[in-house]
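Residues: numbered from 1 along the sequence shown.
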Amino acid sequence: MPPQPQQPPQTQRPPVSGGLDRFFRISERGSTLAREARGGLATFFTMAYILVLNPLVLGGAEDAHGDRLDPAQLTTVTALVAAVMTIVMGVAGNLPLALAAGLGLNAVVAFQIAPLMSWDDAMGLVVLEGLLICALVLTGLREAVMRAIPQPLKQAIGVGIGLFVALIGFVDAGFVSRVPDTAHTTVPVQLGGSGTLSGWPVLVFCLGVLLTLALLARGIKGALLISIVTMTLLAIVVDSVADVPSWGLTTPAWPDRLVAAPDFGLVGHFSLFGAFAETGAVTVVLLVFTLILSDFFDTMGTVVGVSAEAGLLDAEGKVPGLGRVLLVDGAAAVAGGAASASSATSYVESAAGVGEGARTGFANLVTGGLFALALFLTPLLTIVPMQAAAPALVAVGFLMMTQVKHVDWDRYEIAVPAFLVIAVMPFTYSITNGIGAGFLAYVVIMAVLGRARQVHGLMWAAAALFLVYFAIDPIEQALGVK
C-alpha cells in the first residue's frame with residue numbers, strides 16, 4: 001500500500017506575495033518565507049558534517065598508484081557540489097530536498113574503487129554512474145530495475161553499507177586495528193593497536209561515540225555536527241596540553257586564519273573511460289553497478305520519505321515531479337564525480353528541515369547558500385581529526401542498521417541472501433562482494449526451491465555478472481590470460 005499523503009496544517013497565514021511565492025508555490029503548500037528559511041537552516045546544520053567526513057573518508061585512502069587527494073581541495077569540492085546541486089534541486093524539483101556527497105557511496109569510491117585504479121579513473125566511474133542513472137530515468141527503466149531486486153535485499157544492502165561505514169570509523173580512529181602478520185595468530189583484528197586501548201586520540205573517539213549516541217537518543221537536531229564540533233574542540237585542548245605522538249592524517253590545531261579562498265584544483269580531474277584499461281570491462285561494469293545500487297535505491301527511499309513527511313504525496317502516494325527530482329539526483333552524481341567529490345545524492349537529513357516547516361524548494365536556496373559560504377571556511381573545516389569525526393560514522397552505521405527489522409528472517413530464500421549481503425561487506429571490506437554474494441545466493445536458492453521463474457531476468461543477469469566477478473581468476477587461467 002502506498003504511503004498516505006499528509007496534508008500540511010491548515011492554519012490561517014497571510015499569503016506570501018510576489019514572484020517567489022508563485023514560482024515555489026509557498027502559499028499553496030501552506031508555508032511562509034520564514035518557515036522555509038528556518039527549514040533550510042535546519043537542514044544545513046544536520047548535514048554539514050559531510051564537509052568534514054567526506055574529505056576524511058576520501059582523503060584517507062590511496063589509489064592504485066599510492067596517491068592521495070588533498071583534504072583542503074576535497075573540502076572545497078564537497079561544499080561546491082552540495083551548494084550547486086541543492087539549489088538546482090530547489091529550483092527544478094521544488095522540493096525541500098538537499099544533496100551532497102553520499103556517505104557509503106564515498107566509502108565505495110575510496111576503499112573499493114580507488115585501490116584498483118587512479119583517482120581520475122575512479123571519479124570517471126562516478127560520472128558514468130550518474131549518466132546511467134539519468135538514462136534509466138529518461139528511458140523509464142527505473143521501474144524495471146526497482147521491480148527486479150526484492151525489497152528485503154535492497155534493505156540488506158543499506159544495512160551492510162552501514163556496518164561497513166561503522167567499521168571504517170572504528171579502524172580509522174584506532175579503536176580497531178589489524179593484527180600484524182608476524183603475530184602468528186588466527187585473530188585478524190584486535191582492540192586498539194596492541195589489544196588494549198591507549199592514547200589520548202582513542203579516548204577522544206570513545207567520548208565522541210558516547211556523546212553522539214546520547215544526542216541521538218535525546219533526539220537532538222544536528223547531533224552529528226554537534227558531536228564533531230565538540231570533540232574537535234576537546235582534541236585541540238588535548239593536543240595543546242598533552243604529549244600526543246600522532247593523531248594520524250590531521251592534527252587538531254587552531255588555524256592561523258579562519259577564511260581562505262577556495263581551492264578548485266580537483267574540479268574536472270576525471271577520466272571517463274580510463275578504468276577500462278586499468279581493470280578490465282567486467283570489473284568496471286560491476287563497480288558501476290555497485291554504485292548505482294548504493295545510490296539509486298537509497299535515493300528513492302529518501303525522496304518518498306521526505307515528501308511524505310512534508311505532506312506532498314498525491315492521492316496515489318506519488319511524489320510531485322518525481323521524474324525531474326530523480327534526474328537532478330542523477331545529475332548530482334555526475335557533478336560529484338566531475339568535481340572529485342564522489343557521488344552526490346539526496347539526504348534524508350532534509351527531513352529536519354521539513355520538521356521545521358519547509359515545504360518547497362525555497363528552503364534549498366537557504367541550505368545551498370550556506371554550503372556556498374562554507375567554500376571560504378576550508379582552514380576551519382580541515383582541523384578536524386579522524387578521532388573527532390569517526391563517531392559520526394559509527395552513528396550513521398547504527399542508523400542504517402535499523403533497516404534490518406524489515407527483513408523476514410523466517411523465509412530462507414530472503415534471510416540467507418540478506419545475511420550474506422550484510423556479513424560479507426564488512427568482513428571482506430568490500431561492498432561489491434557483499435552485494436554479489438547476496439545476489440548469487442538468492443537466485444540459487446530460488447532455483448533450488450523450484451521458483452526460478454519468479455526471479456526477475458535482470459537479477460539473473462546481475463548474478464551472472466557476479467559469478468564471473470568471483471570466478472575471474474580461474475576464468476583468466478582457463479583462457480590463458482595469466
Side-chain angles (χ1 to χ4, degrees), residues 38-39 41-57 98 100 102-104 106-107 158-177 191-192 196-242 244 247-248 250 252 302 305-306 309 347-356 380-381 383-405 426:
R38 190 167 66 246
L41 282 167
T43 295
F44 173 78
F45 284 113
T46 55
M47 61 183 288
Y49 63 84
I50 194 61
L51 295 172
V52 176
L53 288 188
N54 195 49
L56 284 173
V57 172
L103 272 177
N106 57 6
V159 174
I161 292 176
L163 289 179
F164 183 52
V165 167
L167 178 60
I168 291 170
F170 283 123
V171 171
D172 287 351
F175 188 85
V176 171
S177 66
L191 183 67
T196 59
L197 297 178
S198 60
W200 288 102
V202 174
L203 176 62
V204 169
F205 168 74
C206 294
L207 293 176
V209 171
L210 295 176
L211 175 61
T212 306
L213 297 180
L215 292 173
L216 286 174
R218 292 283 298 178
I220 303 297
K221 294 179 180 178
L224 301 187
L225 182 61
I226 292 172
S227 173
I228 290 174
V229 172
T230 302
M231 301 320 296
T232 298
L233 293 175
L234 176 61
I236 291 174
V237 173
V238 168
D239 189 69
S240 64
V241 300
V244 181
W247 289 86
T250 304
T302 298
V306 171
E309 183 69 19
Y347 262 58
V348 72
E349 285 86 348
S350 302
V354 170
E356 290 292 334
L380 185 61
L381 295 170
I383 67 172
V384 181
M386 192 62 194
Q387 291 80 4
L393 294 178
V394 176
V396 169
F398 158 70
L399 294 173
M400 298 180 75
M401 181 73 185
T402 59
Q403 300 178 60
V404 76
K405 63 187 176 185

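Smallest separation of non-hydrogen atoms from Val159 and Val404: CG2-N, 3.5 Å. Of all heavy-atom pairs spanning Trp200 and Ala242, the tightest one is NE1-CB, 3.6 Å. Leu163 approaches Pro426 most closely through the heavy-atom pair CB-CG, 4.1 Å. Here the closest non-hydrogen pair linking Ala107 and Ile168 is CB-CD1, 3.7 Å. Taking every heavy atom of both residues into account, Ala235 and Pro385 meet most closely at CB-CG, 3.9 Å. Closest approach of Leu216 to Ala223, counting heavy atoms only: CD2-CB, 3.9 Å.
Checking side-chain atoms of Thr232 against main-chain N and O of Ile228 turns up a donor-acceptor pair under 3.5 Å. Judged by distance alone, with hydrogens and angles left aside, the side-chain atoms of Ser240 form a donor-acceptor pair with the main-chain N or O of Val237 at under 3.5 Å. Of the possible polar contacts, one joining the Ser177 side chain to the Gly192 backbone as a donor-acceptor pair under 3.5 Å is found. Thr230 contributes no side-chain N or O that, together with a main-chain N or O of Ser227, makes up a donor-acceptor pair within less than 3.5 Å.
Take Asp239 and apply the side chain to side chain donor-acceptor pair (under 3.5 Å) test, not counting sequence neighbours, and it matches Trp247. Every residue two or more places apart in sequence or in another chain was checked for a side-chain contact (heavy atoms from CB on, under 4.5 Å) with Ala217, and none qualifies. With sequence neighbours excluded, the residues that form a side-chain contact (heavy atoms from CB on, under 4.5 Å) with Ala389 are Val52, Leu53, Leu56, Val384. Taking Thr402 as the reference, nothing meets the side chain to side chain donor-acceptor pair (under 3.5 Å) condition, with sequence neighbours excluded. Shown here are the side-chain contact (heavy atoms from CB on, under 4.5 Å) partners of Leu197, two or more places apart in sequence or in another chain: Phe175, Leu191, Val202, Cys206. When the side-chain contact (heavy atoms from CB on, under 4.5 Å) test is applied to Ala390, the partners found at least two apart in sequence or on another chain are Ala173, Phe205, Met386.
Expressed to the nearest 0.5 Å, how far CZ of Phe45 lies from CG of Leu224 amounts to 14.5 Å. Asn54 contributes atom CG, which lies 7.5 Å from atom CG of Leu103 (distance to the nearest 0.5 angstrom).
Here the side chains of Ile236 and Ile383 are in contact, with some heavy-atom distance below 4.5 Å. The closest side-chain heavy-atom distance from Asp172 to Val57 is not below 4.5 Å.
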